[in-house]
Amino acid sequence: MAPRVRFAPSPTGFLHVGGLRTCLFNFLFARSLGGKLILRFEDTDQSRKVEGAEENLIRSLEWAGITFDEGPTQGGELGPYVQSERLELYRQHVDQLVDAGHAYPCFCSEEELTEMREQQLKRKQPTRYDGRCRRLQPGEVTEKLDAGMPYVVRMKIIHSKGDYYIDDQVRGQVRFAPSQIDDQVILKTDGFPTYHLASVVDDHLMQITDVIRGEEWLPSTPKHLQLYEYFGWEPPKFYHLPLLLNPDRSKLSKRQGDVATEDFRDKGYLKEGLVNFVALLGWNPGDEREIFSMDELVKEFSMSRVGKAGSVFDLQKLGWMNQQHIKLKSLEELMELLAPYLPEAAKALPAEQLAKMVEVSRDSLVLLSDIADRLELFLNDQAQVKDPALLATIKTEESKAVYRAFLEEVASLEQLNAENFGQVMKAVQKASGQKGKALWVPMRLAITLVEHGPELPLVADIFGKERCVHMVQRALEAQ
RNA sequence: GUCCCCAUCGUCUAGUCGGCCUAGGACACCAGCCUUUCACGUUGGUAACAGGGGUUCGAAUCCCCUUGGGGAUGCCA
């Protein structure tokens, strides 16, 4: 049977790159096996709802190249795909559990629960609900209910049947003692379900076969399994993915840098770079290849090659990977991608001229946004060399000899281009007596005003004779 | 506090039935080469099986303990 998997974020803001990775694994799993990927919004927490978050999530996912078969925008047979639109469904299932004696109303106040937790901590006991409302007499319950007392519904954890086992597809068998598992709240005072109930009900109703999610869910999986059992449903397979980590190895979070997919996009990362990078966090193809397109990932991906240890999100390597993907782009594609990052002065240039500048600069781009810096030397001929050391280099007698020789040599030339620049430099070497660094560095500084840049002949070609002469003249006159 | 997960170079990782591992690749770093220049490219180098016990002819690989890190412990997801 073709698998059905889902990505179920809560719309509380942006798409976290950890979420992107989880979603990507679901996507690759589904696509590689000819299955379906479903998008579902888990908006059961009213207080955390953020305006526009759903649209934002969808936009980021779309940007990354992840497509869904069913979801809020594409619809599907088993919708609605937004949990706040499924309240009645959850209510029914909670009632069913209560009627069967698998769940019970709990009237404990927040203060009561806090007090209980503190006591348990003090006694070095596990902090979990002690089940006081579980022991309420039926009469007491109806009395409180009739009095309109606010309540939640908790599921029962079974303590008499031994340990709970889960068969995690990436970690193997994991065991939990019932004494450690809480009688989890499944329906809140406001009538909304909690994640635990809603995700189990939806996963079943939406016929999810494989649940691929972050490792933070591992400890609550026994509760989910118990719910499946209470309902008499067959549970899906569970895969708990290792976490993405900050450089200090804590769970990847804001505070220590960007974590929003859109931030990476805005900063000039290619979707191909980001996707390739997160795909390799916790998964590898088994050989030494590292650069993959989305199609290649689909072809190569396998859950059996997913690891168990968390991975640090290393910006340095992400940058390198992004650079590799930039290199893979054709000049036409790159020009289009670069458009948002172009300075005004560049946009004003003839397209052909601009394309030439990009062509000679592109290999050093780590981020698309680096283009502004790389183009600087072409756009700003009024700039001044500020670094004292570089300025000193320009002013030496040796450099001036180079400049004089260059001007003399070029004077008789019709034009200066990439082809004849080498000959000119050879002649300049002879006339000035300078060679190697002593020859090229002063020339580079004079013409581009900076010490790093594309090959000088290529720059000179783009500038043309007139501008080169002008710049060298300026350097010669520098005080 | 309690429970669970994890543990190979600084980082991402290969190592999937223990021998082919004097532990391989990549990023980063360093050096050489290339280009009469920086960069690009290229070649090479530094660098790891957390520690201790077992099991075995043989362990990075299996078991136990210790240590370290992380996660969960919410009427958040």
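Just so you know, these numbers use all the heavy atoms, side chains as well, and skip hydrogens, waters and symmetry mates. We name chains A, B, ... by the order of the sequence lines, and we start the count at 1 in each one.
Taking every side-chain heavy atom of A:Lys317 into account, B:G25 is the closest of B:G25, B:A39, B:A77. Of the candidates B:C27, B:U2, B:G71, B:C27 carries the atom nearest the A:Gln316 side chain, counting heavy atoms from C-beta on. Nearest to the side-chain atoms of A:Trp440 among the listed nucleotides B:A77, B:G10, B:U37 stands B:U37. The side chain of A:Asp182 has B:G74 as its nearest neighbour among B:C12, B:G74, B:C75. Checked against B:U37, B:G24, B:A72, the side chain of A:Glu288 finds its nearest nucleotide in B:G24. The nucleotide whose nearest atom lies closest to any side-chain atom of A:Gln429 is, among B:U36, B:G10, B:G25, B:U36. Across B:G1, B:A26, B:C3, the shortest atom-to-atom separation from the side chain of A:Gln180 is found for B:C3.
Close to B:U16, at under 4.0 Å from its OP1 or OP2, lies no side-chain N or O of A:Ser304. Taking only side-chain nitrogens and oxygens, A:Arg117 never comes nearer than 4.0 Å to OP1 or OP2 of B:U2. A close approach under 4.0 Å does not occur between any side-chain nitrogen or oxygen of A:Asn284 and OP1 or OP2 of B:U13. Within the 4.0 Å cut-off from OP1 or OP2 of B:C38, at least one side-chain nitrogen or oxygen of A:Lys437 is found. An OP1 or OP2 oxygen of B:C12 is reached within less than 4.0 angstrom by a side-chain nitrogen or oxygen of A:Arg249. Residue A:Lys327 places no side-chain N or O under 4.0 Å from the OP1 or OP2 atom of B:C40. Residue A:Lys188 places at least one side-chain N or O under 4.0 Å from the OP1 or OP2 atom of B:C76. Applying the 4.0 Å criterion to OP1 and OP2 of B:A77, one finds that A:Thr44 has a side-chain N or O inside that range. Contact check, A:Arg305 against B:G15: a side-chain N or O comes under 4.0 Å of OP1 or OP2.
Across A:Arg128, A:Arg134, A:Arg135, A:Lys223, a single residue satisfies salt bridge (Lys or Arg N to Asp or Glu O under 4.0 Å) together with A:Asp183, and that is A:Arg134.
Counting non-hydrogen atoms under 4.0 angstrom, A:Phe277 reaches nothing in the nucleic acid. Here A:Arg171 lies in heavy-atom contact (under 4.0 Å) with sugar-phosphate atoms only. Using a 4.0 Å heavy-atom distance criterion, A:Met425 is classed as a base contact. If you check every strand for non-hydrogen atoms under 4.0 Å, A:Thr189 touches a base. Residue-level contact check: A:Glu110 touches neither bases nor backbone, having no heavy atom under 4.0 Å from any strand. The residue A:Gln125 sits close to a base: some heavy atom pair falls under 4.0 Å. Among the atoms of the strands shown, base atoms are found under 4.0 Å from some heavy atom of A:Leu456. Residue A:Lys426 is classed as a base contact, given a heavy-atom separation below 4.0 Å to a base. Nucleic acid contact for A:Leu121: base, since at least one base atom lies under 4.0 Å from a heavy atom of the residue. Residue contacts shown for A:Val185 are limited to sugar-phosphate atoms, with no base heavy atom under 4.0 Å away. As judged by a 4.0 angstrom heavy-atom cut-off over every strand, A:Glu42 is placed among residues touching the sugar-phosphate backbone only. The residue A:Leu280 sits close only to the backbone: its heavy atoms come under 4.0 Å of sugar-phosphate atoms, none of a base. A:Gly422 comes within 4.0 angstrom of a nucleotide base, judged by non-hydrogen atoms across all strands.
Taking the C1' atom of each, B:C3 and B:G51 are spaced 25 Å apart, rounded to whole Å. Comparing B:C27 with B:A14, their C1' atoms are spaced 15 Å from each other, to the whole Å. The separation of B:G25 from B:U66, taken at their P atoms, amounts to 37 Å, rounded to a whole angstrom. When the P atom is used for both B:U8 and B:G69, the distance is 15 Å, rounded to whole Å. Atom P of B:G18 sits at a distance of 13 Å from the matching atom of B:A60, rounded to the whole Å. B:G54 and B:U61 have their P atoms separated by 15 Å, with the value rounded to a whole Å. Of the C1' atoms belonging to B:C62 and B:G15, the separation is 15 Å, rounded to the nearest Å.
Between A:Tyr230 and A:His102, the ring-plane angle classifies as parallel under the 30° and 60° cut-offs. Between A:Trp283 and A:Phe292, the angle of the ring planes goes over 60°, which puts this pair in the perpendicular group of the 30/60° scheme. Ring geometry for A:Phe238 against A:His224 counts as tilted: the plane angle lies between 30° and 60°, on a 0 to 90° scale.
Remark: B:A60 base-pairs with no nucleotide; criterion is Watson-Crick or G-U wobble with both hydrogen-bond distances under 3.5 Å. Across all strands shown, B:C34 has no partner, as no Watson-Crick or G-U wobble contact with both distances under 3.5 Å is found. Base pairing analysis places B:C3 opposite B:G71; the two distances defining the Watson-Crick or G-U wobble pair are each below 3.5 Å. As the counterpart of B:A47, no nucleotide is assigned, since no Watson-Crick or G-U wobble pattern has both distances under 3.5 Å.
Positionally, the nearest nucleotide of RNA chain B for A:Ala427 lies more toward the 5' end than for the other of A:Thr194 and A:Ala427.
Contact check for A:Met443 versus A:Tyr403: side-chain heavy atoms found under the 4.5 Å cut-off.
Salt-bridge check for A:Arg48 with A:Glu42: failed, with every basic side-chain N at 4.0 Å or more from each acidic carboxylate O. Using a cutoff of 4.0 Å between basic side-chain nitrogens and carboxylate oxygens, A:Asp130 and A:Arg132 are scored as salt-bridged. Using a 4.0 Å cut-off between charged side-chain N and carboxylate O, A:Glu215 and A:Arg171 make a salt bridge.
Put simply, the side chain of A:Thr127 and the base of B:G1 share a donor and an acceptor less than 3.5 Å apart. Donor-acceptor pairing under 3.5 Å, judged by distance alone, is present between the side chain of A:Arg444 and the base of B:U37.
By the criterion of a centre-to-centre distance under 5.5 Å and near-parallel planes under 30°, the ring of A:Trp320 forms no stack with the base of B:C27.
Between the OG atom of A:Ser361 and the CG atom of A:Leu377 there is a distance of 7.0 Å, given to the nearest 0.5 Å.
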